[in-house]
Amino acid sequence: MTEPTHTEYAPGLTVRGITPPLKLSDYKLIAFDMDSTLISIECVDEIADAVGKKAEVAAITEAAMRGEIADYKESLRQRVGLLRGVTVADMEQVYTERLRINPGAAELINACKAAGLKVLLVSGGFTFFSERVRQTLGIDFTRANVLEVESGPNCGQLTGRMVDQPWGDICDGAEKRRTLLEVASLLGIDASECIAMGDGANDLPMMGVAGLSVAYHAKPAVREQAMVAIHEGGLDRLLEVLR
């Protein structure tokens, strides 16, 4: 049987294999990617700008998001390695001057919470940013990577490494999927009661197990596999499909 193709539901909004409107309250958890989904930037690229390596890092990020790099963890280690010497003050500057919450994020999250859903942010990015985004948007659960900071003479500078966490070393596509399933299990719900939203290849594993998968201004491979694809406008356009 061939996969159903996308049909235009509204200008800049396509659906595949579903008949909207769906009921928002039928879902119990919504999981978001962070970089280029909930927020406007790829944090690792902007941090790299502080040490003059943005072009080099951004090229690796783009290839990883398109799914052209098989080993996401290795690609992230490579990029973080190039961040050595970046200071916490540099990251603070990225947060205040460059990071913007994407349009419709607060509206969508508020609507989900009002309908009884819990909210998960699961990111291949960094806790320095994800924890602030969590507080800003009132997100319930987060998982992201921890950048190691030097102590001693170079105190406050990045070492170019990440810190292992109790759940593992790096939040990649497989970890995103595992986290979604773990949180669903904690909540006593089924994966079919989850919505997963992202833009890059490392979001496909969690999108693949969720009851509803949503691509937001996404890479072609992600758009093709999602049940809902938002090509224009903000994150809250999902509410046109979910009532």
Side-chain angles (χ1 to χ4, degrees), residues 31-100 102 120-135 139 141-180 198-206 218-219 222:
F32 292 96
D33 165 54
M34 182 174 71
D35 294 38
S36 298
T37 301
L38 273 183
I39 64 173
S40 59
I41 59 170
E42 291 288 335
C43 293
V44 69
D45 299 357
E46 302 305 324
I47 300 170
D49 206 14
V51 281
K53 291 178 179 169
K54 183 174 179 178
E56 197 178 338
V57 169
I60 304 171
T61 300
E62 179 67 14
M65 290 302 103
R66 286 184 176 277
E68 291 159 8
I69 293 176
D71 190 340
Y72 177 85
K73 285 189 178 187
E74 195 40 53
S75 88
L76 188 61
R77 283 192 195 99
Q78 234 182 320
R79 286 175 282 163
V80 170
L82 294 166
L83 303 181
R84 188 172 180 184
V86 169
T87 66
V88 170
D90 292 329
M91 293 202 293
E92 197 68 57
Q93 205 171 350
V94 168
Y95 177 74
T96 53
E97 294 177 12
R98 303 189 187 190
L99 187 150
R100 296 292 174 266
N102 271 333
L120 165 67
L121 182 165
V122 60
S123 173
F126 310 114
T127 52
F128 183 88
F129 302 101
S130 65
E131 284 308 303
R132 293 161 185 230
V133 171
R134 178 181 70 78
Q135 287 168 359
I139 290 168
F141 308 98
T142 59
R143 180 154 293 176
N145 301 305
V146 178
L147 290 166
E148 187 178 64
V149 179
E150 293 269 13
S151 50
N154 296 321
C155 183
Q157 289 186 11
L158 298 185
T159 64
R161 293 187 298 271
M162 285 166 284
V163 180
D164 285 359
Q165 297 182 71
W167 47 262
D169 55 353
I170 289 173
C171 187
D172 61 352
E175 184 57 33
K176 287 187 176 198
R177 176 183 180 276
R178 206 183 68 77
T179 303
L180 180 137
D199 74 297
N202 66 331
D203 298 315
L204 286 170
M206 72 168 177
K219 302 293 181 245
V222 182

Which pair of heavy atoms, one from [X] and one from [Y], lies closest together, and at what distance?
X	Y	answer
Ser40	Leu99	OG-C, 4.3 Å
Ala64	Tyr72	CB-CD1, 4.2 Å
Lys176	Asn202	CD-O, 3.5 Å
Ala31	Leu180	CB-CD1, 3.6 Å
Val122	Cys171	CG2-SG, 3.8 Å

Exercise. Tell me, with the steps shown, if Ile41 and Arg100 meet side-chain contact (heavy atoms from CB on, under 4.5 Å).
Key: CA-CA 7 Å; Ile41 59 170; Arg100 296 292 174 266; over 6 Å; no

Less than 4.5 Å apart, side chain to side chain, heavy atoms only: is that true for [X] and [Y]?
X	Y	value
Leu82	Val51	no
Glu150	Arg84	yes
Leu158	Val149	yes
Met162	Leu76	yes
Phe128	Val88	yes

Residues which pass salt bridge (charged side-chain N to carboxylate O under 4.0 Å, His left out) with [X], listed by chain and number, not counting sequence neighbours:
X	result
Glu62	Arg66, Lys219
Glu148	Arg161
Arg143	Glu175, Glu182
Arg77	Glu74, Asp169

Quiz item: Do Ile60 and Ile69 pass the side-chain contact (heavy atoms from CB on, under 4.5 Å) test, and can you show the C-alpha distance, the side-chain angles, and the key distance before you say yes or no?
Solution: CA-CA 8 Å; Ile60 304 171; Ile69 293 176; 3.9 Å; yes

Under the rule for side chain to side chain contact (heavy atoms under 4.5 Å, CB included), what residues qualify as partners of [X], not counting sequence neighbours?
X	value
Ala218	Asp199, Ala215, Val222, Arg223
Thr87	Ala89, Asp90, Gln157
Ala144	Ser123, Thr127, Ser130
Ala174	Asp172

Return the set of residues passing side chain to side chain donor-acceptor pair (under 3.5 Å) with [X] (not counting sequence neighbours), or none when no residue passes.
X	value
Gln135	none
Glu56	none
Arg79	Thr61, Ser75

Quiz item: What pairs of residues pass the salt bridge (Lys or Arg N to Asp or Glu O under 4.0 Å) test when at least one of them lies in residues 36-49, not counting sequence neighbours?
Solution: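 Output for this query lists Glu46-Lys54, Glu46-Arg98, Asp49-Arg98.
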
Exercise. First locate atom CG of Asp33, then atom CG of Asp203, and finally report the distance between them rounded to the nearest 0.5 Å.
Key: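 Here the rounded value is 4.0 Å.
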
Quiz item: Measuring from Leu120:CG to Ile139:CD1, what's the distance to the nearest 0.5 Å?
Solution: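 Here the interatomic distance stands at 8.5 Å.
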
Self-check item: Donor-acceptor under 3.5 Å (Asn145 side chain, Phe126 main chain)
Solution: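 Pair absent, no side-chain N/O of Asn145 close to backbone of Phe126.
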
Practice problem: Take Phe129 and Asp35 through the side-chain contact (heavy atoms from CB on, under 4.5 Å) test and state the conclusion after the steps. | Solution: CA-CA 10 Å; Phe129 302 101; Asp35 294 38; over 6 Å; no

